[in-house]
Amino acid sequence: MDRDRGEWGRMRIKGGAAVLAVAGALVLTGCVTGIGTEQRQPTADPSDPVQDAVTHRWYTPAEVTEDPAAITAKLPQLQVTGGISLDGRFTDPYDRVPVPTPDDYWWQAVVVVGEEHVAEMIDRASAATASDGGGDGEVLTGEGTSTMNEPAGTRADDSVISGVLMGPLQEQVGQCPTDWILLGKTFTADETHTKSPVTADRLVITTAAVCEGGDRIVVDALRF
């Protein structure tokens, strides 16, 4: 009986050591939530990543840029006269991810191109709508409504656009009293890429919208 108790005691010690070893490894790799990590607190430092309250995407406020060259590099087909752009990721940059996924990237811009250029875009979208037999006339509405793969000429209200854009870019957009017009496949930097509209560096454009009578275009693009 004493011998059995001794063996059981040694087994418990070995088992406990193994559990501690595994737990220690998890703490070092950051694989266990709440172990070895500190609670993140809000910060006023613009170089610290923040999460957008609506889209839940991550971005760094200090990286918001008004450089037209940053926009032209991705959308060379535009005659850019001003604007603002921003990029970021979908996953929490504070989390330790061993191998970042290639699709963990997005880019947005509000691009000033002038009323004449916007009118030309609307004409192209209207022509595409006519050639496709016309849409159903339904206006997309509601924050969180996806505009991806919607045909050119589809209309969306302000809540749809505000549900797409990051906070710093929304200030540059304003409201559209006649609803936004989605440009669909008529807005692309590479017309040879027929599967979907893309930027020059092959980000898939999920939203490209203009307001009738306006002078700017809203663009949201993702890497798939």
Side-chain angles (χ1 to χ4, degrees), residues 54-55 57 68 70-87 103 106-166 169-224:
V54 176
T55 66
R57 301 185 193 184
I71 298 174
T72 302
K74 292 187 181 298
L75 303 171
Q77 78 274 24
L78 295 181
Q79 300 171 9
V80 180
T81 60
I84 183 174
S85 62
L86 175 65
D87 62 4
D103 58 350
W106 56 264
W107 178 81
Q108 291 187 347
V110 177
V111 192
V112 179
V113 296
E115 294 182 10
E116 184 177 349
H117 200 172
V118 167
E120 292 173 355
M121 294 180 187
I122 293 176
D123 287 343
R124 286 198 297 271
S126 298
T129 302
S131 66
D132 291 339
D136 56 14
E138 181 180 357
V139 177
L140 300 181
T141 185
E143 191 175 275
T145 300
S146 173
T147 60
M148 188 175 180
N149 297 324
E150 291 291 342
T154 300
R155 290 180 176 265
D157 68 11
D158 288 321
S159 66
V160 174
I161 301 304
S162 64
V164 171
L165 287 180
M166 302 298 107
L169 274 65
Q170 289 189 28
E171 301 172 1
Q172 306 296 319
V173 174
Q175 295 182 328
C176 182
T178 58
D179 292 324
W180 294 86
I181 300 173
L182 304 183
L183 303 179
K185 291 184 178 181
T186 66
F187 183 80
T188 183
D190 185 357
E191 294 184 355
T192 65
H193 194 275
T194 58
K195 185 176 181 180
S196 57
V198 294
T199 62
D201 56 349
R202 293 300 179 89
L203 299 179
V204 175
I205 299 173
T206 58
T207 301
V210 294
C211 181
E212 194 168 8
D215 65 351
R216 58 200 60 198
I217 176 173
V218 172
V219 182
D220 179 46
L222 318 176
R223 188 177 301 284
F224 284 91

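Here the structure is a predicted model, which means the values were calculated and not measured.
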(request) Would you please test L86 and W106 for side chain to side chain contact (heavy atoms under 4.5 Å, CB included) and show each step? (result) CA-CA 9 Å; L86 175 65; W106 56 264; 3.9 Å; yes
(message) If I take atom CD1 from residue I217 and atom CD1 from residue I71, how far apart are they, to the nearest 0.5 angstrom?
(response) 10.5 Å
(request) Considering non-hydrogen atoms only, spot the tightest contact between R155 and E212 and give its length. (result) NH2-OE1, 3.8 Å
(message) For K74, is there an ion pair with D87 - N to carboxylate O distance below 4.0 angstrom?
(response) no
(message) Using 0.5 Å steps for rounding, measure from the CD atom of E150 to the OG1 atom of T207.
(response) 10.0 Å
(request) Look at the side chain of T186 and the backbone N and O of L183, then say whether any donor-acceptor pair between them is shorter than 3.5 Å. (result) yes
(message) Looking at Q172 and I84, would you say the former's side chain and the latter's main chain have a donor-acceptor pair under 3.5 Å?
(response) no
(request) Decide yes or no for P151 and T129: does some side-chain heavy atom of the first lie under 4.5 Å from some side-chain heavy atom of the second? (result) no
(request) Please name the pair of heavy atoms, one in V118 and one in R216, separated by the smallest distance, quoted to 0.1 Å. (result) CG2-N, 3.7 Å
(message) Would you compute the distance between atom CD of E171 and atom CE of M166 and round it to the nearest 0.5 angstrom?
(response) 13.0 Å
(message) Counting C-beta onward and ignoring hydrogens, is there a side-chain heavy-atom pair between F187 and L182 closer than 4.5 Å?
(response) no
(message) Just so I know, are the side chains of D158 and C176 near enough to count as touching, which here means a heavy-atom distance under 4.5 Å?
(response) yes
(request) Answer whether the closest heavy-atom distance between the side chains of V218 and V164 falls below 4.5 Å. (result) no
(message) I'd like to check V113 versus Q79 (side-chain heavy atoms, cut-off strictly below 4.5 Å). Are they in contact?
(response) no
(message) Just checking Q77: does its CD atom have more than 12 heavy atoms from other residues, nucleotides or ligands closer to it than 6.0 angstrom?
(response) yes
(message) Looking at Q170 and L165, would you say the former's side chain and the latter's main chain have a donor-acceptor pair under 3.5 Å?
(response) yes
(request) Any chance you could lay out the side chain to side chain contact (heavy atoms under 4.5 Å, CB included) test for L78 and M121, step after step, and finish with the verdict? (result) CA-CA 11 Å; L78 295 181; M121 294 180 187; 3.3 Å; yes
(request) Answer yes or no: is there a side-chain heavy-atom contact under 4.5 Å between V80 and L75? (result) no
(request) Just do the side-chain hydrogen bond (donor to acceptor under 3.5 Å, both in side chains) check on D190 and T192 with the steps written out, would you? (result) CA-CA 5 Å; D190 185 357; T192 65; 2.4 Å; yes
(request) Apply side chain to side chain contact (heavy atoms under 4.5 Å, CB included) to V204 and L222, showing your working. (result) CA-CA 5 Å; V204 175; L222 318 176; 5.5 Å; no
(message) Quick check: closest heavy atoms across S146 and M148, and the distance to 0.1 Å?
(response) OG-N, 3.2 Å
(message) Within the structure provided, determine whether D215 and T81 are in side-chain contact (heavy-atom separation under 4.5 Å).
(response) no
(request) Begin with the C-alpha distance, continue with both residues' side-chain angles, and end with the deciding distance and a verdict on side chain to side chain contact (heavy atoms under 4.5 Å, CB included) for W180 and V173. (result) CA-CA 11 Å; W180 294 86; V173 174; 3.2 Å; yes
(message) Could you report the tightest heavy-atom contact between A125 and G153, atom names first, then the distance?
(response) CB-N, 4.0 Å
(request) Nearest 0.5 Å please: distance from the CG atom of D179 over to the OG1 atom of T154. (result) 11.5 Å
(request) Examine distances only and state if a side-chain atom of H117 and a backbone atom of E120 form a donor-acceptor pair shorter than 3.5 Å. (result) no
(request) Please report the closest heavy-atom contact between S159 and G142, naming both atoms and the distance. (result) OG-N, 2.9 Å
(message) For a 4.5 angstrom cut-off between non-hydrogen side-chain atoms, does F224 reach T206?
(response) yes
(request) Measure the spacing between NZ of K185 and NZ of K195 and express it to the nearest 0.5 Å. (result) 9.5 Å
(message) Is a donor from one side chain sitting under 3.5 angstrom from an acceptor on the other, for T199 and D201?
(response) yes
(message) Ignoring hydrogens, what is the shortest heavy-atom contact between V54 and S162? Give both atom names and the distance.
(response) CG1-O, 4.4 Å
